[in-house]
Amino acid sequence: MKFKCLLLLSWLWAAAGDDDVLPAKVRIRRASVVADNTKATAAQLHSIIDLPGCKDLQNYCTHLKSTDNLAMLECALSFSSSQLEALPDDCQHALWLQQRQLQLNSWVEHTFLPSYCADEQTKLLTCLNSVDLWSCLEDKRQQLPQSSGCQQQLRRAYTSLGQDYASIGDFYAACGGQVEQLKCGRMNVEHLPSMLSQLGTAQCLVAHASQSTMDINCKVAINSIEQQRGMLELFRVCSGDLTALCPQERAGSANSYKCLVRHKNDPALSSQCAAQITLRDQQMGKDYRVSHGLAKACKDDIKLHHCRRGVSEDKQVRLAQILLCLESVSKNGTKLAPECLVELDDHRRMLMTDFQLSPELLSDCADDIPKFCPDEHKSQLVNGLSSSGGEIIHCLMYHVRARRPQRRVTAQCQRGLETLIKASDAGEDWRVDPVLRRACKKVVDVACKDVEGGEARVMSCLLEHIGTTAMRPECEQALLIIEYFVARDFKLDPQLYKHCRDDAVKYCRAKHQWDDIQDVQMDPERGPMILPCLHRMAYSEDEHHTLRKDCFREVKRVMRQRAISVDLIPEVEDYCLLDLSQFCGELTEKGSEMECLQNRLEKLQPECKAVVTKYTEEEAANIEMNPVIMATCSEAMQKHCSEILNAGKDGGNMMDCLISHKNDADLNKGCRAAIEHFQIISLKSYHFTTKFKEACRPHVLRFCGASATKNEVVACLSEVMRNDTIRAQRHQIPKECRQQVKSQLYQQRESISLDPKLANVCKNELKQFCSDQNGPGQALECLIQKTPRLGKNCHHAIFMIKRSELGDSGTDYTLINTCKEMIYKFCPNTESMQLLNCLKTYKDDPTFDQRCHLVVVNRMIEQNTDFRFNPTLQSACGKNIDRYCSNIVIQSQPNEELNGKVSSQLTYFN
């Protein structure tokens, strides 16, 4: 009895929610529950005690003075379960009809009041127009004298009606006609509360009524009873578990069920209770109304925002659909009821805890679960648990990211997981996903303890700490699994969506609504990717097509964070799976996979090569997309390039700034290595050097169409510039491009690694003569000094470099850096290409630096070895050289010094 009483109390919470699952047209005013056939029904209801099937009432109810139908109902309601069950169906039906008649206005008006309250009838008839007939009658009863017979009869009728008559009235209205037709009225044999008192009646209807002809409102009412029955069974099975694990919760309340769900994987939970919870989860996934808490708290919001999408009330609606709809409403700026928000948050967490709450995942991943997650699947089969708190879900998500096709889940399973992540909004709150929460709690406690919760701020903090000492491997893995899905739908990043929704709609064909329930076409996020589109708009030169400041800031943040892993760059990863598997399978460090693809650019599949090329171009223009440089060069950027940082837009200026400070003493080795690595990557294509590309692209197309690498393009343009200078003609290449060409030549002279062709042809000489020359520009200077001892191929390459450097001093790294102070002192206004000529003039000044003096003298000696090293001589004496020295030039070896022969010949003829 104690347990039954507990259950009665526990189900009071559900009774209040039963109205919520019925259509609005069923919830009618109690005073107007008058069907067309009510009078006929009343007439047909004979004296119950005279019915052949009710003869037991004569034996059990002898203590009653009256034998009218109300007295017989009152007597039957006092029966034990076994006594009620023993009553024949036709007797139970008659008693059910009598209990139902208590709620019929016509019966009260024409039978009850004339029979029992004739004198008080005039006062009581006013209740027929009230919202709640019996509430009104009960109020008036209490005003009557205790000795009044009417007062006593009203009390008997109200007691027979039952405390839950309000919710039962809806069932009567929805199913009463069919119950009468099929004679399915049944008494509450198990003494169940609320709508469950009609369980026997509902079971009779299901057994005997045709589903095709059953009224839709009756179907809804029966479904509600079945759902409550399942919950009742759950609490019956889990009563001991609830007492042990959730002693603070009231049995049967919404919180008590949620508490049991939280302990579903607790070893202390009985397997029978776990099985009941799993069954309940499966039912809830198929029909959100199984969750009375959600259905009740969000009733008005679900109706107001059409979350059922036109599905009739008797049909099931998946939990995920309702959550997506409510999430969309919230994301688009409409406030939900506070209690609905609480339920929404709870159910989001439940989705990530148990994959069985997502029926589409069960079907879409039916083959993938045993194939890729055998251990977790076995645990479920053996223990009746859905693994230990979301492990199956994470296992499946892990295999979405697998490099090898045979290790990836099917496309339909991936779509199911995407729906799950969106419905749970796992990218918004790190605590929604139990695996992520367990893996990252210690990291959050240390690195993100001061970060305000909500809108993915903690998720963003965790991403910023990848690669730092605060991050843990298990946290990084769980985080990147969630972010893999977030990266493929810009709406799953709350801050990005909040600040960029309007711009995304305006420029990138994004949907107006977070979850556009009317649009069943392919998401535009799967066609033209929203984030790359926003990124292009962020740096648009068109002042009429620019992002708002808040959106621009968020785009930069997201691009920086996603650069840590190719997994988070879908526009690259989707096309490079095979190449990642073949070349970069073992790389896990921050940004290493992208570097791997960039290093092997020539070997990549065409589609992968194209997207990596495009990404590298954007990376060169926006330093935040290079995670290695961002991690190692932050101090250098603050110290040397703060103006560019403060400007917001990069456009390649930051990389140029870092390169110019690469050899500063205060730069750390990691930063210097990261800068040089990108310089080496940029050699593969001139497009990877933003300023050079912008300044020289049309001239590359005009003069250097056959050039493949950046160095070949630079050499080609440099030759055009040199010829224009020698011929004293107007430059065909504009100043901006010429400056970029000189900048690239200058960088090549600083490091042999930036001139792979030279490094290859001179590798033996470098090893033999210059192995200890590792400083900036030292290896090249060593080779120049050893010119007479160089092999033929190396000699020819050095000849071309000397011709370039001596023709334009601005590209001579050693001269510029060794003579920096002398240039500032003696040649501050001299053009860079004439610096050597200026320094020659002042080399004998007493204050001239000796190191610079040595370099200048060496350059003068080199110039005297060949007229082609002296553009001024070439320009002034070109005709004379053609006239008097043509034989010398013709007979000479190409790319070899003439050792002063032309100069001597000109002196002779002079």
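No hydrogens, no waters, no symmetry mates; every other heavy atom, side chains included, goes into these values.
Ring pair Y686/F692 is perpendicular by interplanar angle, where above 60° counts as perpendicular and below 30° as parallel. Ring-plane geometry between Y746 and Y813 is classed as tilted, the angle between the planes lying from 30 to 60 degrees on a 0 to 90 degree scale.
Between the side chain of R672 and the backbone N or O of D664 there is at least one donor-acceptor pair closer than 3.5 Å. No donor-acceptor pair closer than 3.5 Å links the side chain of R749 to the backbone N or O of T814.
Looking at every heavy atom in both residues, L667 comes nearest to K662 through CD2-O, 3.2 Å. Between V566 and E573, the closest heavy-atom pair is O-CB, 3.3 Å.
Salt bridge R557/E554: present, at least one basic N to carboxylate O contact under 4.0 Å.
Residue I466 holds its CD1 atom at 5.0 Å from CE of M471, rounded to the nearest 0.5 Å.
Taking the ring centroids of H795 and F799, they lie at or beyond the 6.0 Å cut-off.
In this structure, a donor-acceptor pair under 3.5 Å is present between the side chains of T847 and K825.
Remark: S809 engages L815, L835, L836 in a side-chain contact (heavy atoms from CB on, under 4.5 Å) (not counting sequence neighbours).
Residues Q732 and R702 have side chains in contact (heavy-atom distance under 4.5 Å, counting atoms from C-beta outward).
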